[in-house]
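Written out below as structure tokens is the structure these notes cover.
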2 protein chains.
Amino acid sequence: MKRVSLSDIAKAAGVSKTTGSMVLNGRARENGISDATCERVWKIAKELKYKPNLMARGLRLGKTHTLGLIVADISNDFFAQIARTVEETATRYGYHVIFCNSDENAEKLTELIQTLKTRQVDGLIISPALHDYDNEISRLKREKFPFVLIDRYFSKINTNYVVVNNFEASFQATSLLLDRGYNRIGIIAVFSNSIQHKLRVDGYREALKQNGIRFLRKLVVEVSYGNLKESIINAIRKLLDCPNNVRAIYFLNNRVAVIGLECINEMNLRIPKDIDVLSFDDNEVFRLFDPPITAVAQPVHEIAEKAVSILIDEIERPKKISETRQIVLPAKLIKR
Amino acid sequence: MKRVSLSDIAKAAGVSKTTGSMVLNGRARENGISDATCERVWKIAKELKYKPNLMARGLRLGKTHTLGLIVADISNDFFAQIARTVEETATRYGYHVIFCNSDENAEKLTELIQTLKTRQVDGLIISPALHDYDNEISRLKREKFPFVLIDRYFSKINTNYVVVNNFEASFQATSLLLDRGYNRIGIIAVFSNSIQHKLRVDGYREALKQNGIRFLRKLVVEVSYGNLKESIINAIRKLLDCPNNVRAIYFLNNRVAVIGLECINEMNLRIPKDIDVLSFDDNEVFRLFDPPITAVAQPVHEIAEKAVSILIDEIERPKKISETRQIVLPAKLIKR
DNA sequence: TATGCAAGCTAAATGGGTTTACTCATATTT
DNA sequence: AAATATGAGTAAACCCATTTAGCTTGCATA
């Protein structure tokens, strides 16, 4: 029941391993192997159901045809969808995908990157942890290891990335709320030092500014991942209460939005009577709410597809040194 | 910048590769390597940041320390959560996970199983496609390839599997609806020849029976994956309409439930006034609905954890021939 | 006749670990 | 004193596909 190896094929076909390898890799022509031999090898390979041992090949070639995908949490709808398309696209290119969850934890991320490198993945698609300082990522960069960041990136390192136009999308989202007549809009976000976070807040500020409304720092509440629910309840309470007097909340991501909605529910607040909400990042079920939740939808499929194709391009093309690709896709405001 | 290999370590430490290998694999004691040598090797390995080449090791040992996970669609909340825990658990055991989407397509599933085997994963966790006949799975079984089925299984093949008690859970779910006073309950499900499907319907029948209500085949509507939305709208319309006169719908899974809710929304029906609903498979947001949606929640974490540990046990233990493990976990009815 | 060359193919090295079957001292038994 | 053990370690085989460098043989040209 043991696997058929190239030697077996070679022996059975009465040729050398070299010839066998060449034929089965479609290099027969260029190496002047005769058609007769060629056919013989193929026939035997088929009969014996030969499948090359990818580890042997990988060892020799130094390539595994495997990509690593690191996200905060694959059970989060946004990342699950990314993962879906990453896998699909990678498969089209003949690659497989190993995935890992970083839990928004910089140390875990560092560790994951290292193990995946040890495991010899050919490249990485990474959504860096929120608090990550750039160390491990910039090490990858220094080592010229192929990788693409998605969703988030670092201004200080020149890397490949695929993100959305956070500023613009946030500007539009805020403008919509302003149009609806809210001029005191609270933001609830997970604490983060990332650029996207900043850009989303900046977009919000710009929208306020263009409407002649003053930006108030205290309306931007940053909660921490630890006990999201409790902190969000407090945040909402604080925003609604008197001097703030907020009537619309802008959740800066998916996760916060879903939990935020849960809190609003529990606090017996009605949307939009008591409070209106908007979420950056869409969720399949937002449109099913009563009323449906307006959200900024990221083009997940494009993000994933682009990331994979850039990555594989970098893996397979001879490296044109430090020529990075930085894609900013438009996010779409879905009014509901 | 090239990787440090075992030879490098051996050379630097003035020992043979053999000794190096033994030391670094913790086999120093049993092979009578002196403590001095041991320390020297470790020290050098650390200094040079030695990471073994896992492909070389894998090639020799015939093991990759990789598991394959095949689900219908990883962007489906249920599978995303499974994937999450599978990865976590596998990592604890020192394994990585390659995932693939079968799209409920038997041919694709067959192909995936084959590629993953070629890729030398050590074992597979599979949620078989709905319409799959058992061929590829039983081939795995014949070949004694380690695998565990989750969520679904085949009565005709004796395999490892981890599933929930579909009959019992469905019985309880139906009983709840009956208690709420609905005695004409419609079922909407994706067409399937799987046992779980049957068991869920059987549980429903049994509940009706114990309440002295006749089972009506026409109240069980099977839609196909093609154009779910349209078919569900038709199904709902048909069920509500006159002779049927259904006032409660029992969605037989997650996917159908979410889309079903969307349809109900679009049809401007109110829950529970016009129609009440219940879903087999929970979804994070069901409790946020107004009113919240009652659902049967599968213990996803346990399913995934159990599946991984059974699989790894099978991979690592000397095979006690054809001794399969079949786990049936209780699903929990979450009344909302 | 000797030389060049193309066609068709192969031996052996390579990649980096693990494992088997030794070696070589010295120490202990019998 | 000869035989056996033991401690410490190693050379070489092995896993399997790819690739480099080169080897025949036949035919044509100088």
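Residue numbering restarts at 1 for every chain, and letters A, B, ... go by the order of the sequence lines. Quick caveat: nothing in here was measured; it's all calculated off a predicted structure.
- The residue among G14(B) and P52(A) whose nearest nucleotide of DNA chain D is located toward the 5' end is G14(B).
- Among the protein residues, S5(A) comes within range of the sugar-phosphate backbone only, with heavy atoms under 4.0 Å from sugar or phosphate atoms but none that close to a base.
- Between the CG atom in D73(B) and the OG atom in S127(B) there is a gap of 11.0 Å [rounded to 0.5 Å].
- One interatomic measurement links the two molecules: CZ of R29(A) to C1' of dA7(C), which rounds to 12 Å at whole-angstrom precision.
- Using a 4.5 Å heavy-atom threshold, the side chains of Q326(B) and V328(B) count as separate.
- Rounded to whole angstrom, the span from the CD atom of Q120(A) across to the C1' atom of dG15(C) amounts to 11 Å.
- Protein atom CE of M55(A) is 16 Å distant from nucleotide atom C1' of dT18(D), rounded to whole Å.
- Of all nucleotides listed (dC15(D), dT10(C), dA17(D)), dT10(C) comes nearest to the side chain of M22(A).
- Side-chain atoms of K17(B) and base atoms of dG16(C) include no donor and acceptor less than 3.5 Å apart.
- Regarding contacts with the backbone of dA17(D), every side-chain N or O of N25(A) stays at 4.0 angstrom or more from both OP1 and OP2.
- Taking 4.0 angstrom as the limit, S16(A) places none of its side-chain polar atoms (N or O) nearer than this to OP1 or OP2 of dA11(C).
- Side-chain N/O atoms of S7(A) and base N/O atoms of dA17(D) include no donor-acceptor pair closer than 3.5 Å.
- Side-chain contact check for E136(A) versus Q114(A): some heavy-atom pair is nearer than 4.5 Å.
- Comparing dG15(C), dT19(C), dT10(D) by their closest approach to the side chain of S21(B) singles out dT19(C).
- Residue contacts shown for L61(B) are limited to sugar-phosphate atoms, with no base heavy atom under 4.0 Å away.
- Y50(B) has no side-chain polar atom (N or O) that falls below the 4.0 Å cut-off from OP1 or OP2 of dG16(C).
- Taking atom CD of E30(A) as the reference point, atom P of dG8(C) lies 14 Å away to the nearest angstrom.
- Residue-to-nucleotide contacts include a donor-acceptor pair under 3.5 Å from the side chain of T18(B) to the base of dT19(C).
- Distances shorter than 4.0 Å separate some side-chain N or O of T37(B) from OP1 or OP2 on dG9(D).
- Nucleic acid contact class of R60(A) (heavy atoms, under 4.0 Å, all strands): base.
- The distance between atom NZ of K63(B) and atom P of dC16(D), rounded to the nearest whole Å, is 13 Å.
- Ring planes of F99(B) and F99(A): perpendicular class, angle over 60° (limits at 30 and 60°).
- The interatomic distance linking R27(A) (CZ) with dC9(C) (P) rounds to 17 Å, in whole Å.
- The shortest distance between side-chain heavy atoms of I70(A) and I125(A) does not fall below 4.5 Å.
- Here the C1' atom of nucleotide dT10(D) and the NZ atom of K11(B) are 15 Å apart, to the nearest Å.
- Atom pair K51(B):NZ and dG17(C):C1' shows a separation of 17 Å (rounding to whole Å applied).
- Screening I303(B), T85(B), V86(B) for a side-chain contact (heavy atoms from CB on, under 4.5 Å) with V308(B), the sole residue that qualifies is V86(B).
- Comparing atom distances between the S34(A) side chain and each of dG9(D), dG8(C), dG17(C) picks out dG8(C) as nearest.
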